[in-house]
Amino acid sequence: MTLGKGSHVYLIDGSGYIFRAYHALPPLTRKSDGLPVGAVAGFCAMLHKMLMGFGNSGPTHLAVVFDHSSKSFRNDLYEGYKAQRPPPPEDLRPQFPLIREATRAFGVPAVEMKGFEADDLIATYARQAVEAGAEVTIVSSDKDLMQLVGPGVTMLDPMKNLTIGPDEVRAKFGVAPDRVIDVQSLAGDSVDNVPGAPGIGVKTAAQLIEEYGDLDTLLARAEEIKQPKRRETLIEKADQIRLSRDLVTLKQDVPVEHGLDEFPVEKPEAEKLLGFLAEMEFRTLSNRIADALGAEPPVIEAKRAPEAPASKAAPAGAEGPGAVRAMPKLDPDAYTIIRKAADLAALLDEARESGHLCIDLETTSLDEMVAEIAGIALSPAPGRAAYVPVGHVTGEGDLLGAAERAPDQMALDDALAALREILVDEAILKIGQNLKYDLKVLRRHGIDVRPFDDTMLMSYALDSGLGGHGMDELSERHLGHRPVPIKELIGSGKSAITFDRVPIDKAATYAAEDADVTIRLWHKLRPRLAAERVSTVYHTLERPLVPVLADMELAGILVDRDLLSRLSNGFAQKMAGLEDEIQKLAGRRFNVGSPKQLGEILFEEMGLEGGVKGKAGAWGTGADVLETLAAQGHDLPARVLDWRALSKLKSTYTDALPNHINPETGRVHTSFSLAATSTGRLASTDPNLQNIPVRTEEGRQIRTAFVAAEGNVILSLDYSQIELRIFAHMAGIDALKKAFRDGLDIHAMTASEVFGVPIEGMDPMVRRQAKAINFGVIYGISAFGLANNLRIPQAEAKAFIDAYFERFPGIRAYMDTTKQTARDQGYVTTLFGRKIHTPGIKLKGPHRGFAERAAINAPIQGTAADVIRRAMIRIPEALTDHKLSGRMLLQVHDELLFEVPGDEADKTAKVVKAVMEGAAAPAVEISVPLVVDAGKGQSWAEAH
DNA sequence: GTTATCACG
DNA sequence: GACGTACGTGATAACA
């Protein structure tokens, strides 16, 4: 059929279809082999619906147009074009060729061309069709195609089934279709990274174009514009705007290989199409389409899925071929209790044979520093597990002590002696869940366990952000099995007993099950590491940190008990005075520590304005509320704030810390959790030594109680502005990067740029505001949040942010693409490849805002966490190499604390500083220097 | 056990 | 245009 008057050409934007299909459907996979096919299915359904939906006015010619690749001639014009765009999701990539195949199976030409985008081909064909006198319908909702709308050309939004004509284009861009290019050139596009004119959006652009007629006139007469800012932008950025025009203008003269004549509409060949659908194993769709074609639906066999691909990827040599086949069912009766050396030896032989052994210690305390071993659970293979009781007592009727050793157990020393050979054998992999705990306990018995794998850390590397990584949770998630809760054995709360008092048979079932579950988890998770590209993360950022942290925790930090006690007394006295004052002001006695009672006093009895009830119906009495009241001149809330500050210091620090001093070492041993945060940061518990006060003078006194032992000093080294530096690098903000390279005061420089004031003699308030914006930006800034932080009107905060984005182009694009990546992939990554999953990003409503800000923050916070992890892993060796005897004690996110002999302090600082500043290399080259500040003193307060 | 509050980066 | 927010943690006391 020749093209001419009366012809109607349909040009389908294939790429738009693909992404819509991908997002519209859940991630379906082909049953027989797990090939992702969700987008293929969606694409076929959409194409079928379109082809069936034509009435009498259907097309005479039809083609689906695709992007050839992500690169086009526009990349030669402008390096940054679409540079911020994340790669397509991993499960979508293999579907691209299948979708072209699907198109052809429908009897529809699939058109693409190297060096050009689908939009350019569509533009070219549309022009050819119009010139031949034909009608054109472009099936797409992409705004970039709207410039083509005009006489003979309309668009059709396939999802909403809406026709887009000149009126709809005007509604979108504020101008007629033939001026859309002008508007786009000015407004730019953050998604495609078209720069445009900074500070000018679609609204302003349309207004300007309406006023001046077209872009060239506007640029020529730019000096007539009244608004000074706008005028300057248009004059200064004229070249950038012209470049943007080249980028957004679709090419209408692509030298296409096939003419429209070659694309007549044809009925699909039933055999070919149904064959393809059968190959994809689309049962419902095959039936529906066969019905429409009047053909027999194809037979799709219900093929059984073969063995999970995971087993193929299982480490060769780690176990016999097929060892992972089907795991035996969990069966408590299959577990054994080992009471004799010979039985233990037999089990250990199995481990020698297989090359790995799962181990799990049962002890009398969660505190590794005091825990005694009650028994040892071992599992060489799924379904095979044993418990070796070594320290159980008979606790019956004799809870006050004088417990007798339970009969028929191996001696702890004998069991450890037999185990030691395996535990230190380089050829046998030890497997455990949260092995840092077991490693520490065994270290106290003189055993250095290696090598090892930790299922908790594997889960963390794979699934951070998707849930917890404790054993019970992992068992439910991956094995569909709920292990016996420890509570059922030892009880909870005050009446809880220690594990050594649990009857051996019950203990054995519980403990052996844990070992069995752990080794099953290992078999599940280990092959996923490589398949999901987190092996490096696990092997370089997670696992090697375990012994480093174990050493730090075992070292502990010296705390001056008497000093804390004196501070506590001082706080108590001041609090008593404040309490009297507060009661007098209130007119009656009440519990100042009760937010409920305080709320009633303030907002009911005293009748103060500005009270807000929370969801629970209680008056809010947070610091922000009290501060507002205090600023209005009310004394009572001001005193309560003072009281609360002291109460916090006393209860959480000066009173609680002494209880954590280990009686044997006289030091405080925190525990660092490796898998507690979603971002890769550590967390410190029992006690938390990452939140010791520093911001107020009274709080800092508590740091004077963290001291160095005789003859030593405390050394503190911290990264300066690490998150902002990483942000400048990741978002590619040249002005920020340069400021860091030049060693400028980054907040002052920001203030100077955003508010246009000189750095010399800057008002500290102005700098403070810029600092808040800089912090805000790494938290996923919002006008509301900034307004709250700075206590300024939201409109003002918004103006700050707008000015900031305008001054630092690239920030908004970075934020948008990060969000897009999170939506496409379901996770974001750090520079070192750590994945942080963002399941909340798909939610609707306010929840999504949360998830988006978290997604923006995660790569930044996570990369900083990776950097310091790398440093920590290298430091012990660096110290040894330089014959330094100092010890690393604490990590506080961007700070490391050491205790070193006084005469080694300066050299240690130099060595550690070098390691920290170079920690990103060689894996990643950060285009901004990392700077570390060092300090030393008798206490943490002096060193910091 | 949950909630409100507040300590840190 | 409205929604309702700054990111990540842990410990304590009050309260149900």
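Below, chains carry the letters A, B, ... as their sequence lines are ordered, and counting in each starts from 1. This is a predicted model, so every value here is computed, not measured.
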**Q** Going 5' to 3' along DNA chain C, which are the first and last nucleotides with any atom under 4.0 Å from a heavy atom of chain A?
**A**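 Extent of the interface on DNA chain C: C:dG4 to C:dA16.
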**Q** Pick base, sugar-phosphate or nothing for A:Ala864, based on heavy-atom distances below 4.0 Å to the nucleic acid.
**A**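 Answer is nothing: A:Ala864 stays at 4.0 Å or more from every strand.
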**Q** So does A:Glu899 pair up with A:Arg667, basic N to acidic O under 4.0 Å?
**A**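 Salt bridge: yes.
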**Q** What donor-acceptor contacts under 3.5 angstrom involve side-chain atoms of residues 846-858 of chain A, with partners at least two apart or in another chain?
**A**
from: A:Glu852; atom 1: OE2; to: A:Arg823; atom 2: NH1; distance (Å): 3.3
from: A:Asn857; atom 1: OD1; to: A:Gln861; atom 2: NE2; distance (Å): 3.2
from: A:Asn857; atom 1: ND2; to: A:Ile778; atom 2: O; distance (Å): 2.7

**Q** Tell me which donor-acceptor pairs under 3.5 Å the side chains of residues 781-793 of chain A have, and how far apart each pair is, sequence neighbours excluded?
**A**
from: A:Ser782; atom 1: OG; to: A:Gly785; atom 2: N; distance (Å): 3.0
from: A:Arg791; atom 1: NH2; to: A:Glu627; atom 2: OE1; distance (Å): 2.9

**Q** Of all the base pairs, Watson-Crick or G-U under 3.5 Å, which form stems of three or more consecutive pairs involving DNA chain C?
**A** B:1-9 with C:7-15
**Q** Classify the nucleic acid contact of A:Phe784 as base, sugar-phosphate or nothing, counting any heavy atom under 4.0 Å across all strands shown.
**A** base
**Q** What residue among A:Asn569, A:Thr704, A:Thr654 forms side-chain contact (heavy atoms from CB on, under 4.5 Å) with A:Leu564?
**A**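 In the set A:Asn569, A:Thr704, A:Thr654, the residue that makes a side-chain contact (heavy atoms from CB on, under 4.5 Å) with A:Leu564 is A:Thr654.
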**Q** Determine the contact category for A:Gly849: base if any of its heavy atoms lies under 4.0 Å from a base atom, sugar-phosphate if only primed atoms, P, OP1 or OP2 are that close, otherwise nothing.
**A** nothing
**Q** May I ask you to list the residues of residues 692-702 of chain A, by number, that have any heavy atom positioned under 4.0 Å from an atom of DNA chain B?
**A** A:Ile692, A:Pro693, A:Val694, A:Arg695
**Q** B:dG9 C1' sits how many Å from A:Ile722 CD1, rounded?
**A** 11 Å
**Q** Only counting residues at least two apart or in another chain, list the ones meeting side chain to side chain donor-acceptor pair (under 3.5 Å) with A:Asp802.
**A** A:Lys798
